[in-house]
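As structure tokens, the structure follows; a few thoughts come after it.
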Amino acid sequence: MGAIRLENVRKTFGNIDVIPGVDLEINDGEFVVFVGPSGCGKSTLLRLIAGLEDVTSGKIMINDVDMADASPAKRGLSMVFQSYALYPHMTVYNNIAFGLKMAGESKAVIEEKVRNAAKILNLTDYLDRRPGALSGGQRQRVAIGRAIVRNPAAFLFDEPLSNLDAALRVNMRLEITGLHQELKTTMIYVTHDQVEAMTMADKIVVLQAGRVEQVGKPMELYTNPANKFVAGFIGSPKMNFIEGDYAKARDCHCVGIRPEHFAISQESGDIPATVKIAEHLGAETYLHVNADNIGPMTIRATGEVPLGEHDRIWLTPDAERIHRFDANDKALSR
Amino acid sequence: METNFKSPTGKIAYSVFAWIVGLAIFFPILWMALTSFKSEIDAVNMPPLFFDFNWTLENYTGILEQSNYFKFAMNSIILSFGSTIIGLVFAVTCAWAMAFNPTKRTKDTLLWMLSTKMMPPVGVLVPIYLMFRDWGLLDSRFGLIMVLFLMNLPIMVWMLYTYFKEIPKDILEAARMDGATLPKEIFFVLLPMAVPGIASTMLLNIILAWNEAFWTLNLTTSDAAPLTAFIASYSSPEGLFWAKLSAASTLAVAPILVVGWFSQKQLVRGLTFGAVK
Ligand SMILES: Nc1ncnc2c1ncn2[C@@H]1O[C@H](COP(=O)(O)OP(=O)(O)OP(=O)(O)O)[C@@H](O)[C@H]1O
Ligand SMILES: [Mg+2]
């Protein structure tokens with residue numbers, strides 16, 4: 001069981017308001033991802049929940065008990081650190097067993113739980129090794145093993161994959177998602193990678209400068225971003241923003257169109273443009289174009305598109321999927 | 001022209017230089033050891049005798065008969081180990097706070113602690129002597145342990161601080177998440193990771209306490225007197241017995257020299273930690 005509710009949680013370092021006041025509801029069993037640019041306070045918020053940092057004010061309700069002043073141990077949460085933070089002087093077995101030992105479990109129980117976790121995480125052959133003799137992916141698994149044996153109310157992950165190479169990252173991403181499906185335990189996952197957020201989350205919390213910009217299911221954020229920041233942050237390549245006459249004609253301050261929401265024609269269309277760079281990835285093609293009277297835009301076309309530098313094209317946005325924003329960057333109804 | 005450290009001639013030049021410095025440092029100890037095996041007459045012979053004298057053990061047998069070497073040695077052991085162990089308890093907790101929960105003033109505090117070492121101890125001799133007298137601590141092992149412990153505490157804190165700084169805070173936080181209380185966090189996670197640093201801090205402090213002469217001579221007479229007092233008892237008042245004095249000194253430094261010899265790797269690593277990495 002792990003439902004977590006933040007009520008007006010504030011954190012200041014000296015006189016810097018890092019988290020000016022966050023309200024958030026995390027349901028039991030949910031996979032929640034905190035996402036946002038570097039320095040926006042994701043780690044700080046996670047550490048406040050963990051108890052590694054004291055709140056300046058506000059409540060942290062874990063299963064309806066205010067834990068804002070409780071020590072990390074009392075909160076019953078497990079954390080996986082970006083640096084893995086394994087105990088270098090202990091074997092893998094003892095790393096995983098440490099939390100159980102601290103909890104005063106019996107030797108037999110510890111043995112069983114550690115072996116069980118090792119089996120799930122493919123670590124059985126490495127139990128006698130020290131962390132120094134493991135690969136990055138294996139270390140990550142040990143860190144996860146250490147977290148799961150304690151049977152926590154929730155798992156906290158702080159950018160756990162950012163030290164891994166790209167291929168391994170995709171693998172571990174799937175493993176963590178699989179783990180969540182298997183354990184059905186609440187997970188809070190911090191990342192600045194919106195792909196991780198989109199693929200893993202039940203619920204995404206987009207943060208900027210310590211504020212929650214929007215909370216929602218991944219596809220909700222994609223289709224209905226609440227403001228320009230979320231619109232620009234979710235989705236890759238980034239949404240195109242068009243201001244000026246093109247926006248005025250549509251009764252707003254700024255128009256947003258995702259790169260994948262254009263029809264491309266070599267004869268006619270809404271927006272004439274010239275291709276500057278074409279990136280051919282095989283499955284899709286990114287066109288970086290210069291649109292007449294508008295400026296640079298990015299277009300994403302599926303499959304191979306026989307276009308290159310200097311080619312003239314016409315772009316027609318999917319009218320259903322145009323986003324409009326007012327002068328305060330708030331999204332307007334479509 | 002720059003001497004190339006890697007060229008053969010450069011290497012030889014540096015080696016020769018290093019040997020000269022090493023011998024210059026070692027010479028007094030060698031001379032002391034040699035003198036301790038001479039008769040009192042040979043000891044003051046001009047020109048000095050190096051190896052061609054009548055080797056004798058009479059100084060040693062004389063000293064061991066005349067005074068209770070083992071009582072002094074036992075005091076030295078109690079004082080140096082006692083002050084180091086008490087110091088360690090305080091220094092570990094202090095360095096933990098400074099390394100992992102620093103404030104704006106942590107650096108200043110460290111410097112201030114170290115600056116107390118720059119004051120000549122004789123400056124506080126009178127107040128401390130009076131305090132010791134009033135509290136009945138003169139010539140007590142407990143009193144001396146306290147003085148030696150406080151005297152070396154800044155160095156211990158400083159050394160441990162430098163070590164602890166190198167340990168990622170994440171690991172301690174992981175232990176906290178794993179449910180370790182503060183004492184357990186320090187005992188099961190921090191200390192095992194800092195073993196080399198703690199070992200060299202202990203060694204250095206044992207050596208410093210062993211060799212400390214100012215306070216041990218001023219605050220003890222017999223009951224708590226360590227080997228420094230033992231040496232001193234063979235100097236001036238009984239006339240110039242160079243050979244006997246040398247034998248006493250050799251006996252006093254021998255144990256710590258042996259300890260130092262076996263732990264030199266550890267010591268060098270500890271003292272240069274942070275400087276070369
Ligand atoms: N101990 C601290 N003292 C002062 N300021 C801090 C402290 N910890 C964090 N901050 C500040 O709080 C802000 C948020 O930091 P935080 O580490 O939470 O960001 P983040 O979103 O996790 O960024 P990243 O993606 O780079 O990890 C930053 O501006 C940082 O400088
Ligand atoms: Mg962070």
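For clarity, every value in this text was computed on a predicted model and none was experimentally measured. Every chain is numbered from 1 and lettered A, B, ... according to where its sequence line falls, protein lines coming before strand lines.
Of all residues spanning residues 177-187 of chain B, those with a heavy atom less than 4.5 Å away from chain A's heavy atoms are B:M177, B:D178, B:G179, B:A180, B:K184, arranged by number. Contacts of residues 50-83 of chain A with chain B at a heavy-atom distance below 4.5 Å involve A:A50, A:L52, A:P72, A:A73, A:L77, A:S78, A:M79, A:F81, A:S83, listed in sequence order.
By the neighbour-count criterion of 12 heavy atoms within 6.0 Å, atom CD of A:E112 is sparsely surrounded, having that number or fewer from other residues, nucleotides or ligands. Counting non-hydrogen atoms of neighbouring residues, nucleotides and ligands closer than 6.0 angstrom, the NZ atom of B:K107 reaches no more than 12 such neighbours. Annotation: B:F81, atom CZ; neighbour count of heavy atoms from other residues, nucleotides and ligands within 6.0 Å does not exceed 12. In this structure, B:F90 places its CZ atom where only 12 or fewer heavy-atom neighbours from other residues, nucleotides or ligands lie under 6.0 Å away.
Residues B:I171 and A:P88 share a closest heavy-atom pair of CD1-CD, 3.9 Å.
Between A:F98 and B:F188, some side-chain heavy-atom pair lies under the 4.5 Å cut-off.
Using a 4.5 Å cut-off between heavy atoms, A:L86 contacts chain B through its backbone alone, with no side-chain atom that close.
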